[in-house]
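The structure appears below as structure tokens.
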Protein chains: 2
Amino acid sequence: MTPTFDTVVRLLKQLPGLGHRSGERLALHLLVERSERLNPLVEALSAAAAAVRRCGRCGNLAEDELCVVCADGRRDPATVCVVEQVPDLAAIERSAAYGGVYHVLHGKLSPINGVGPDHLNLATLSDRLSNGEVSELILALSNDVEGEATCHYITSLLPDTGVKFSRIGFGLPSGGGVVFADAVTLKNALDGRREYH
Amino acid sequence: MTPTFDTVVRLLKQLPGLGHRSGERLALHLLVERSERLNPLVEALSAAAAAVRRCGRCGNLAEDELCVVCADGRRDPATVCVVEQVPDLAAIERSAAYGGVYHVLHGKLSPINGVGPDHLNLATLSDRLSNGEVSELILALSNDVEGEATCHYITSLLPDTGVKFSRIGFGLPSGGGVVFADAVTLKNALDGRREYH
């Protein structure tokens with residue numbers, strides 16, 4: 001339409017879930033129809049980009065050294081729930097069925113996509129398990145081959161720590177990720193977790 | 001997740017076509033997973049917001065006084081295609097089936113939504129038709145009740161200008177807007193236009 005408008009559309013359509021028409025629709029909305037929404041959004045994005053970092057303990061989003069979950073004294077630090085991504089953590093928090101803390105891997109093992117152990121947030125997980133504060137590790141990873149492989153890798157990596165490993169289980173549909181499950185399904189899956197070997 | 005992150009998600013989910021999960025997904029993508037994409041997008045949005053305005057003649061997006069269509073000497077200024085929105089214009093341009101110019105109403109008459117003639121870009125349309133340069137006005141508005149009412153209003157508003165009115169017609173499915181049609185359908189509709197009375 002115009003060079004600067006087309007640049008916006010080109011950048012928007014690269015984002016996940018957006019195509020050419022939805023990018024064009026969003027650009028028109030922000031630049032013409034509801035242009036009063038643009039500045040607050042740009043300012044919020046810039047503020048978040050400056051403020052958001054990874055929690056030094058679990059890898060969740062944080063604005064201080066620790067995320068709100070790790071900094072919350074009412075959470076049980078002996079129970080750690082391992083998730084792939086931050087939205088998985090958010091989905092479990094929305095279910096209000098869990099009182100422990102988390103560890104975010106930021107991915108799962110996927111040799112076909114070139115994702116190996118070095119690409120995941122595993123070093124700090126080893127540290128957390130080695131210092132004896134963790135009694136149970138709940139593996140809330142996707143119910144698919146890559147999720148299972150990642151669970152297997154984690155348990156084989158840390159065999160002698162005395163930590164009980166469990167695998168989130170009942171209710172999670174086959175082939176689906178944690179983020180797609182509803183709150184009741186997640187509660188069932190947490191309650192019905194089984195030991196992992 | 002964090003206050004600044006949640007603000008971004010809250011603003012994103014207000015945008016057309018985005019809900020809570022897609023907003024969360026986009027925010028995570030821009031702030032964490034592919035944060036190198038954030039600055040180019042913010043800069044492109046700011047540049048477009050500063051540069052984009054409405055074409056003084058037709059209402060299309062422009063960066064100068066006239067849009068690229070109105071400024072193009074190879075376009076036939078005697079044939080004017082009236083569309084509701086800028087994406088409709090973009091869709092017709094993609095069909096490469098039209099050599100005239102445009103007039104963008106920025107809406108259609110919709111009493112139920114409080115959209116009356118004063119809300120549409122009609123004053124400049126009257127001016128364009130009155131000065132005798134236009135020989136045909138192609139009404140490429142949606143094939144629905146509001147689109148028909150808008151066509152009727154335009155023709156009744158300007159009865160004695162000697163301008164031939166035509167209505168884009170064949171191929172546009174009932175109830176659908178111009179922006180959803182594919183290039184061949186739009187070409188058929190332009191070729192098969194019928195006189196409007």
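Sequence lines set the chain letters: A, B, ... in the order given, protein chains first and strands last, and positions in each chain run from 1. Just so it is clear, the values below take in all heavy atoms, side chains as well, and ignore hydrogens, waters and symmetry mates.
Taking CG of B:L31 as the reference point, atom CZ of A:R53 lies at 15.0 Å (rounded to 0.5 Å). Taken to the nearest 0.5 Å, the CZ atom of A:R25 stands 10.5 Å off from the CG atom of B:L18.
At a threshold of 4.0 Å, the pair A:E33-B:R54 does not count as salt-bridged, since none of the basic side-chain nitrogens sits closer than that to a carboxylate oxygen.
Looking at B:L30, the atoms closer than 4.5 Å to chain A (heavy atoms on both sides) all sit in the side chain, from C-beta outward. Heavy-atom distances place the backbone of B:A62, and not its side chain, under 4.5 Å from chain A. Using a 4.5 Å cut-off between heavy atoms, A:R21 contacts chain B through its side chain alone, with no backbone atom that close. With a 4.5 Å cut-off on non-hydrogen atoms, B:V32 touches chain A through its side chain but not through its backbone.
In this structure, the side chains of B:L11 and A:R37 stay at 4.5 Å or more apart for every pair of heavy atoms. Between B:H29 and A:Q14, every side-chain heavy-atom pair lies at or beyond the 4.5 Å cut-off.
Transitive grouping of hydrophobic side chains (ILVMFWY, heavy atoms separated by less than 4.5 Å) brings B:L157 and B:L141 into a common cluster.
Of residues 66-80 of chain A, those residues with a non-hydrogen atom less than 4.5 Å from any non-hydrogen atom of chain B are, in numerical order, A:V68. For residues 110-129 of chain A, an interface with chain B (any heavy-atom pair closer than 4.5 Å) does not exist.
Interface check for chain A: of the options B:N39, B:V42, B:L89, B:V86, the most heavy-atom pairs under 4.5 Å are formed by B:V86. For the options B:S46, B:A91, B:P87, B:A51, heavy-atom pairs under 4.5 Å to chain A are most numerous at B:P87. If you tally non-hydrogen atom pairs under 4.5 Å between each of A:L45, A:T7, A:V52, A:L38 and chain B, the highest count goes to A:L45.
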Trace of the side-chain contact (heavy atoms from CB on, under 4.5 Å) decision for B:L41 with A:L12: CA-CA 7 Å; B:L41 178 62; A:L12 283 174; 3.9 Å; yes
Step-by-step side-chain contact (heavy atoms from CB on, under 4.5 Å) determination, A:L28 to B:L61: CA-CA 9 Å; A:L28 195 77; B:L61 299 185; 4.1 Å; yes
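When all heavy atoms of B:L26 and A:P16 are compared, the closest pair comes out as CD2-O, 3.8 Å.
The stretch residues 57-69 of chain A participates, sequence neighbours left out, in these side chain to side chain donor-acceptor pair (under 3.5 Å) pairs: A:E63-B:T2, A:E63-B:T4.
Among residues two or more places apart in sequence or in another chain, the salt bridge (charged side-chain N to carboxylate O under 4.0 Å, His left out) test is passed with B:R10 by none.
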